[in-house]
Each structure stands twice: as C-alpha cells, then as structure tokens.
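We count ligands from 1, going down the list as the structure has it; atoms in each ligand are counted the same way.
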Amino acid sequence: MTHNLDAVRRRLRAGGSAARVWAVVKANAYGHGIERAAAGFAGADGLAMLDLAEAARCRDAGWAGPIMLLEGLFEPADLAVARQLGLTVTVHCDDQLRMLETAPAGPPLDVFLKLNSGMNRLGFPAARYAGAYARAQALRQAGAIGTLGHMTHFATADMPAGLGDQWRVFERATAGLPGPRSVCNSAASLRFPEVAGDWARPGIALYGASPFDGESAAALGLRPAMALRSRLIDVQSLGEGDAVGYGARFRAPSPMRIGVVACGYADGYPRHAPSGTPVVVDGVRTRVLGCVSMDMLAVDLTPVPQAGIGAPVTLWGADGLSVDEVAQAAGTIGYELLCALAPRVPVRTEA
Ligand SMILES: *Cc1c(COP(=O)(O)O)cnc(C)c1O
C-alpha cells in the first residue's frame with residue numbers, strides 16, 4: 001500500500017501536479033481491512049470512504065488526519081457524528097444542503113460540493129451549480145461550513161474517450177469560484193495528472209490493481225497489496241470422459257490428474273469463473289476446471305505432475321498472477337474480486 005501510494009504520487013508529480021491524496025478506503029479498503037489500510041496509508045493526506053462506521057474505525061485506529069465522506073450525509077442524524085469525528089463531507093444534492101441549513105449550531109464541517117459533469121450519478125447539474133454554491137457559501141458565512149471545495153467524478157477516464165467533455169464542464173461550472181478542487185480517481189490520476197487540482201482520490205491503484213483494461217498494474221509500477229492463497233486438499237485421477245464438479249461442466253478429454261483447492265465462492269472467489277481461468281499451483285500456472293463450488297474449486301494438474309495434497313495454490317496477487325487477469329477471465333473487474341473477499345478468509349499481514 002505504501003509503495004503504491006508513492007507510485008501514484010510520483011505519477012502526479014511527474015505530470016506537474018502538487019495534488020494532495022485522499023486514499024480511498026471505502027468497502028473495507030477494497031477488501032483489505034480498513035485498519036490495515038489506515039496504517040498502510042499513514043503517509044496519505046486524507047482517507048476517503050462511504051460510511052460513518054468506517055470513519056469511526058479509522059479514528060479508533062488512530063487516524064487523526066482528514067476523512068472525507070464520498071457520498072456525504074445520508075440523513076440528518078449523521079451530522080452530529082460527522083461533526084464529532086471531524087469529517088469532510090460531499091454535498092451532492094439539495095437534501096444535503098437542507099440538512100446543513102436546518103441543523104442546530106455546531107462546529108463547521110469542511111465540504112466538497114459535487115458537480116454532475118456528465119456521469120449522471122451524483123451531483124448538481126451544471127446549470128444549478130452556481131445556485132448550490134451560493135447556498136453553501138451562505139452556510140459558510142453562517143459558520144456551518146469551514147472549507148468549501150469542488151468535486152466531480154469522471155466516467156471514462158480509463159477508456160479511449162478519456163475525460164470527454166467532463167473536464168470542460170467542471171472548469172466552466174467552477175470558474176472563478178474559490179476553494180480546493182478534487183476530480184481524479186486512479187485512472188485520471190495516472191493518465192491526466194495535469195487536471196488533478198488540489199486533491200486526487202485514487203482507490204484501486206493503491207491496492208496494486210489496474211484501473212485500465214489493456215494495461216497491467218505491473219506495467220504501471222504497482223504491486224498487489226493482497227495475495228489470495230490456499231492449498232490442495234485432495235487429488236483425483238480422471239479417466240477419459242470423467243466429469244468434474246456440479247453440473248458436470250468439465251469432462252476429461254483424456255486421462256488426467258486434477259487438484260481440489262480449499263477456496264470457493266464463499267471465500268470470494270467468483271463462481272462465474274469458467275474452466276480455463278488462470279491459477280498457480282506449486283509455482284506453475286494452470287487452469288480452473290468445472291464449476292466453482294462454495295468451498296472448493298478444481299484445477300488441472302497436467303502441467304504440475306509433482307503437485308500433491310498440501311501443494312500451495314495462488315488464486316491471485318502473487319506468482320505473476322494479477323487479480324485483473326482472474327477478473328477478466330471471470331467477466332468482471334479486479335475491484336469486484338477484491339472487495340468481495342469474504343470475512344471467513346483468514347488474513348495474515350506481512351510487512
Ligand atoms: C471509489 C471512488 C474513487 C476511487 O476510484 P478508483 O477507480 O478506485 O480509483 C474516487 N472518487 C469517488 C467519488 C469514488 O466513489
């Protein structure tokens with residue numbers, strides 16, 4: 001995590017940006033454990049996440065720096081907690097402005113006002129941004145808001161389209177308005193550091209996975225923060241035509257040995273990973289066979305004839321097998337696999 005934070009920072013600096021970094025630790029730090037992330041990202045300028053419970057866990061873990069709530073307050077009762085924990089909040093809609101306008105007096109909250117620059121997920125549309133800003137500015141004068149900044153989120157920063165119109169829409173809507181700016185996720189931080197403004201918001205890159213389809217994390221100088229490992233707990237010898245697993249979805253074309261790995265979809269391994277999904281057994285790359293079960297999956301031992309019960313298995317994140325490669329084989333993205341890691345998986349922290 002520390003290495004990846006440095007790598008993203010170097011990329012920002014190389015692109016001429018002096019942006020500070022919110023390390024995004026939502027979804028239990030993309031499955032890595034939020035306390036572990038708060039330690040790994042000790043050098044970040046702030047932590048960004050979704051919910052108050054995770055913010056409280058970061059404070060309990062000793063994180064005294066800025067914490068940003070990426071979706072802001074969900075209901076008026078959140079305000080007192082946000083004030084108590086000293087959080088920075090996104091304000092993306094009129095309801096959230098009203099929560100601040102009707103709140104009892106209290107310490108000011110730092111706010112990033114969110115513009116919908118074209119993704120049409122969260123944020124004030126460009127035509128209403130100036131009005132929202134005026135209301136936030138009034139709250140600032142009344143002492144309810146401390147720092148008042150601007151943010152937006154890019155939909156295609158990882159794709160050939162790049163930022164599209166969104167950067168121009170953001171520049172136009174915020175022109176002349178004072179306050180810090182925050183616009184870049186991982187893809188935009190790595191590809192468009194020149195627009196990063198005052199605060200970048202990388203997530204996935206900090207965990208050593210790639211935000212890009214055609215560019216590996218290794219090529220970006222990132223290192224996987226998580227390795228998912230298990231062992232073979234059984235070996236079967238198949239004859240020609242013998243089937244493997246539920247639904248008999250794989251049949252041996254000729255006699256072969258298969259290994260049974262203690263890892264299944266209840267551990268967070270994707271059930272929809274088809275036969276052929278890469279896996280490493282005893283240091284040798286091979287493939288998943290048949291349907292992934294709740295607690296087990298089967299692998300082809302043809303290229304690893306020496307492997308027996310107890311042989312080490314890497315599902316992703318080490319031995320040259322990236323989570324992105326496994327995700328691609330399973331028709332999803334590394335993000336989903338990392339944040340779906342199940343609580344039952346024992347975690348060992350290595351320095
Ligand atoms: C999740 C999230 C990020 C981080 O995105 P990555 O693609 O993981 O870098 C940044 N900003 C917002 C608003 C987010 O929700």
Heavy-atom nearest neighbour of atom 15 (O) of ligand 1 within options Lys26, Lys114, Arg201:
Lys26

Are more than 12 heavy atoms from other residues, nucleotides or ligands located less than 6.0 Å from atom CZ of Phe74?
yes

To the nearest 0.5 angstrom, please state how far the CE atom of Met151 sits from the CG atom of Leu70.
5.5 Å

Residue, atom and distance of the protein heavy atom nearest atom 9 (O) of ligand 1 read Ser186 OG, 2.5 Å

From Cys184 SG over to Glu194 CD, what is the distance, rounded to the nearest 0.5 angstrom?
8.0 Å

Please confirm whether the ring centroid of Phe124 lies under 6.0 Å from the ring centroid of His92.
no

So the atoms of ligand 1 within less than 4.0 Å of a heavy atom of Ile204 turn out to be 6 (P), 8 (O), 9 (O)

Atom 7 (O) of ligand 1 [closest protein heavy-atom partner, distance rounded to 0.1 Å]
Tyr335 OH, 2.6 Å

Just checking, any donor-acceptor pair under 3.5 angstrom between side chains of His150 and Tyr129?
yes

Applying a 4.0 Å heavy-atom criterion (strictly less than), which segment of His153 is in contact with ligand 1: side chain, backbone, both, or neither?
side chain

Taking atom types as modelled, is there a side-chain donor on Asp319 or Thr314 under 3.5 Å from an acceptor on the other?
yes

Check: Leu70 N/O within less than 3.5 Å of ligand 1 N/O
no

Logged contact type for Pro202 with ligand 1, heavy-atom cut-off 4.0 Å, is backbone

Need the ligand 1 atom indices (1-based, order shown) with element for anything under 4.0 Å from a heavy-atom of Tyr30.
1 (C), 4 (C), 5 (O), 6 (P), 8 (O)

